[in-house]
A.B. asks: 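Structure below; questions to follow.
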Number of protein chains: 2
Amino acid sequence: MRKKRQSTPVAQADRQFVLAAAARLFREQGYDRTTVKEIAEACDMLPGSLHYRYQAKEDLLVDLMRLGLEQASSAVSSAVVGVSEPVEQLRRGINAHLQMLVSDSDMVYVLLFEWRSLRGEAREEMIKLRDRYEMLWAAMLKSLAEKGVIRKDLDLDLLRLIGLGALNWVATWFRDNGRYSLEEVGDFVWRVIHSAVLEGHEQHRSG
Amino acid sequence: MRKKRQSTPVAQADRQFVLAAAARLFREQGYDRTTVKEIAEACDMLPGSLHYRYQAKEDLLVDLMRLGLEQASSAVSSAVVGVSEPVEQLRRGINAHLQMLVSDSDMVYVLLFEWRSLRGEAREEMIKLRDRYEMLWAAMLKSLAEKGVIRKDLDLDLLRLIGLGALNWVATWFRDNGRYSLEEVGDFVWRVIHSAVLEGHEQHRSG
DNA sequence: GTCTATACTCTGATAGAC
DNA sequence: GTCTATCAGAGTATAGAC
């Protein structure tokens with residue numbers, strides 16, 4: 001019995017296992033301070049075996065980020081798909097993004113903070129993939145704007161940049177079982193957006 | 001003629017020169033990928049001379065961050081000092097913070113994105129110093145809240161964390177001579193805060 | 001205080017047996 | 001596909017002359 005395909009379901013699970021281990025280490029220590037030996041150990045392998053899968057350490061980071069962006073895109077997509085109410089769509093997208101930042105999978109975190117370790121072509125590729133993810137948000141905001149839900153005096157690109165920035169930074173201070181739950185954070189962001197960005201909200205002030 | 005003091009004005013200028021060169025390199029390449037040799041070269045020195053000033057590479061980063069936080073604190077302080085109107089105070093503080101993120105001095109940037117390179121005691125010290133800077137903002141927000149300028153349903157700490165996060169992330173995408181000027185960014189943030197955070201603003205909606 | 005030269009350590013990558 | 005062993009290079013830190 002010979003193997004006919006390289007990308008069997010088993011190989012996929014294997015890939016995810018290796019990348020998850022690497023992601024955890026990269027998140028904890030940073031890319032540069034993590035050695036291939038450590039990654040191999042975390043996978044119960046020896047450096048040689050890891051080298052069989054990824055020729056260079058950088059290749060591992062690139063593949064990790066690729067997977068991370070796939071996960072992020074599908075997480076946000078599936079959070080908003082089938083939701084017809086545009087405002088509710090935005091709310092769910094925000095929560096999905098926040099959820100990823102603190103989820104068990106550290107890939108999105110690594111994606112946000114370790115892309116500077118890449119050089120040349122590898123970096124270009126990641127920027128392209130990241131932009132594709134951002135386009136998801138751009139499309140969502142554009143659709144909201146066309147429905148007249150967003151204040152007309154706000155630049156949509158700036159809104160996306162500042163908004164995602166506010167969310168992304170949460171990853172730097174948020175702790176599970178910390179002072180704030182993720183729901184509280186999402187709620188807070190939502191209230192701010194609701195009063196500052198959305199057109200036609202109820203004025204919060206009573207007197 | 002003997003030297004009586006270590007910390008002459010000249011030594012201070014010298015320190016700033018070395019740290020500024022290091023900050024630029026750390027910002028461009030990251031702390032780990034920057035060698036002490038490169039830093040020395042950028043200061044027109046040899047590694048040995050640099051070693052005379054800082055025993056270890058990490059000491060240099062710590063001192064750099066210390067200076068960066070001093071600069072940040074004094075920049076924000078002097079931006080708001082003497083401004084009696086609390087809302088205007090906030091606006092100026094935001095602009096000062098933004099200005100630092102993109103200023104020639106890369107120290108604040110390094111401070112935000114390279115503190116993860118520190119371990120143990122050094123990291124603890126930086127967290128303490130960073131918290132002191134954040135307390136500047138906490139005090140400003142508290143004072144605004146006491147004057148009834150801030151919506152009462154917003155948690156002040158979350159407001160600080162999310163707000164500074166939105167600002168800090170600007171450093172990751174902002175480019176001089178890019179699509180947006182720093183003024184536009186500051187303006188945008190200010191409009192959002194104005195409608196979402198401040199009490200009793202004019203409703204932006206006309207019809 | 002600054003320089004040259006070097007010791008020591010660690011890492012990423014490789015070669016080749018199994 | 002996984003292992004052992006090792007190479008070649010880089011980088012920090014140090015020693016000691018000047």
Side-chain angles (χ1 to χ4, degrees), chain A residues 1-19 21-23 25-26 28-64 110 114 116-123, chain B residues 1-19 21-22 25-26 28-64 114 116-123:
Chain A
M1 198 164 104
R2 318 163 272 179
K3 263 187 289 180
K4 298 183 77 175
R5 294 169 307 170
Q6 175 71 0
S7 187
T8 60
V10 173
Q12 271 301 318
D14 207 48
R15 175 194 175 214
Q16 300 223 3
F17 178 73
V18 170
L19 292 181
L25 288 167
F26 289 163
E28 286 170 1
Q29 311 179 338
Y31 172 77
D32 288 290
R33 287 176 298 286
T34 301
T35 68
V36 289
K37 191 165 162 263
E38 284 174 311
I39 300 171
E41 273 169 14
C43 306
D44 280 312
M45 284 181 197
L46 290 177
S49 309
L50 194 56
H51 183 253
Y52 175 79
R53 294 145 192 253
Y54 295 101
Q55 277 204 321
K57 187 185 177 187
E58 195 183 51
D59 297 340
L60 207 159
L61 181 59
V62 169
D63 197 39
L64 188 163
V110 172
E114 300 292 338
R116 316 176 86 254
S117 300
L118 294 175
R119 302 260 142 214
E121 279 182 49
R123 182 185 282 214
Chain B
M1 196 163 99
R2 311 164 276 178
K3 263 187 291 184
K4 297 183 78 176
R5 294 170 308 167
Q6 174 71 0
S7 187
T8 61
V10 173
Q12 270 301 316
D14 208 48
R15 174 192 176 217
Q16 299 222 3
F17 179 73
V18 171
L19 293 181
L25 288 166
F26 289 162
E28 286 171 0
Q29 312 180 338
Y31 172 78
D32 289 289
R33 287 176 298 285
T34 301
T35 67
V36 289
K37 189 164 164 264
E38 284 174 312
I39 301 171
E41 273 169 14
C43 306
D44 280 312
M45 284 180 196
L46 290 177
S49 309
L50 195 57
H51 180 70
Y52 176 78
R53 293 141 193 259
Y54 295 101
Q55 277 203 320
K57 187 185 177 188
E58 194 182 53
D59 297 340
L60 207 158
L61 181 59
V62 169
D63 198 38
L64 188 163
E114 299 292 338
R116 316 175 83 254
S117 299
L118 295 176
R119 303 260 142 214
E121 277 182 49
R123 182 185 282 214

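Letters A, B, ... mirror the listed sequences (proteins, then strands); counts begin at 1. Keep in mind it's a predicted model, so treat the numbers as computed, not measured.
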A.B. asks: For the pair made of CD in Gln55(B) and P in dA15(D), what is the distance, rounded to whole Å?
C.D. replies: 11 Å
A.B. asks: Leu46(A) CG to dG12(C) P: how many Å, rounded?
C.D. replies: 15 Å
A.B. asks: So does Ser49(A) get a side-chain nitrogen or oxygen closer than 4.0 Å to the phosphate oxygens (OP1/OP2) of dG1(D)?
C.D. replies: no
A.B. asks: Using a strict cut-off of less than 4.0 Å between a Lys/Arg side-chain nitrogen and an Asp/Glu carboxylate oxygen, indicate whether Arg15(A) and Asp63(A) qualify as a salt bridge.
C.D. replies: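 Counted as a salt bridge, because a side-chain N and a carboxylate O are separated by less than 4.0 Å.
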A.B. asks: CG of Leu50(B) versus P of dG11(D): gap in Å, rounded?
C.D. replies: 15 Å
A.B. asks: Look at Tyr52(B) and dT2(C) and indicate whether a side-chain polar atom (N or O) is within less than 4.0 Å of OP1 or OP2.
C.D. replies: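 The answer is no; no side-chain N or O of Tyr52(B) sits under 4.0 Å from OP1 or OP2.
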A.B. asks: Would you kindly give the CZ-to-C1' distance between Arg53(A) and dT2(D), to the nearest whole Å?
C.D. replies: 9 Å
A.B. asks: To the nearest Å, give me how far apart CG (Asp32(B)) and P (dT12(D)) are.
C.D. replies: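 These atoms are roughly 9 Å apart.
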A.B. asks: Show your reasoning for whether side-chain contact (heavy atoms from CB on, under 4.5 Å) applies to Met45(A) and Arg53(A).
C.D. replies: CA-CA 11 Å; Met45(A) 284 181 197; Arg53(A) 294 145 192 253; 3.4 Å; yes
A.B. asks: Distance from Glu58(B) atom CD to Arg123(B) atom CZ, nearest 0.5 Å?
C.D. replies: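 Going from CD on Glu58(B) over to CZ on Arg123(B), the span is 10.0 Å.
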A.B. asks: Toward the 5' end of DNA chain C, which comes first, Thr35(A) or Pro47(A), by nearest nucleotide?
C.D. replies: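 Looking at the nearest nucleotide for each, Thr35(A) comes out on the 5' side.
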A.B. asks: Got a salt bridge between Arg33(A) and Glu38(A), using NZ or NE/NH1/NH2 to carboxylate O under 4.0 Å?
C.D. replies: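 Answer for the salt bridge query: no.
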A.B. asks: If only side-chain N and O atoms of Arg33(B) are considered, is one of them under 4.0 Å from the OP1 or OP2 phosphate oxygen of dA10(D)?
C.D. replies: no
A.B. asks: Distance check needed: dT4(C) P versus Met45(B) CE, whole Å only.
C.D. replies: 14 Å
A.B. asks: Starting at NZ of Lys37(B) and ending at C1' of dG9(D), how long is that distance when rounded to a whole Å?
C.D. replies: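 Rounded to whole Å, this separation is 13 Å.
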A.B. asks: So, does His51(A) get its side chain near the phosphate of dT14(C), meaning an N or O under 4.0 Å from OP1 or OP2?
C.D. replies: yes
A.B. asks: Could you state the CD-C1' distance from Glu41(A) to dT2(D), rounded to the nearest angstrom?
C.D. replies: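 Computing the Glu41(A):CD to dT2(D):C1' distance gives 16 Å.
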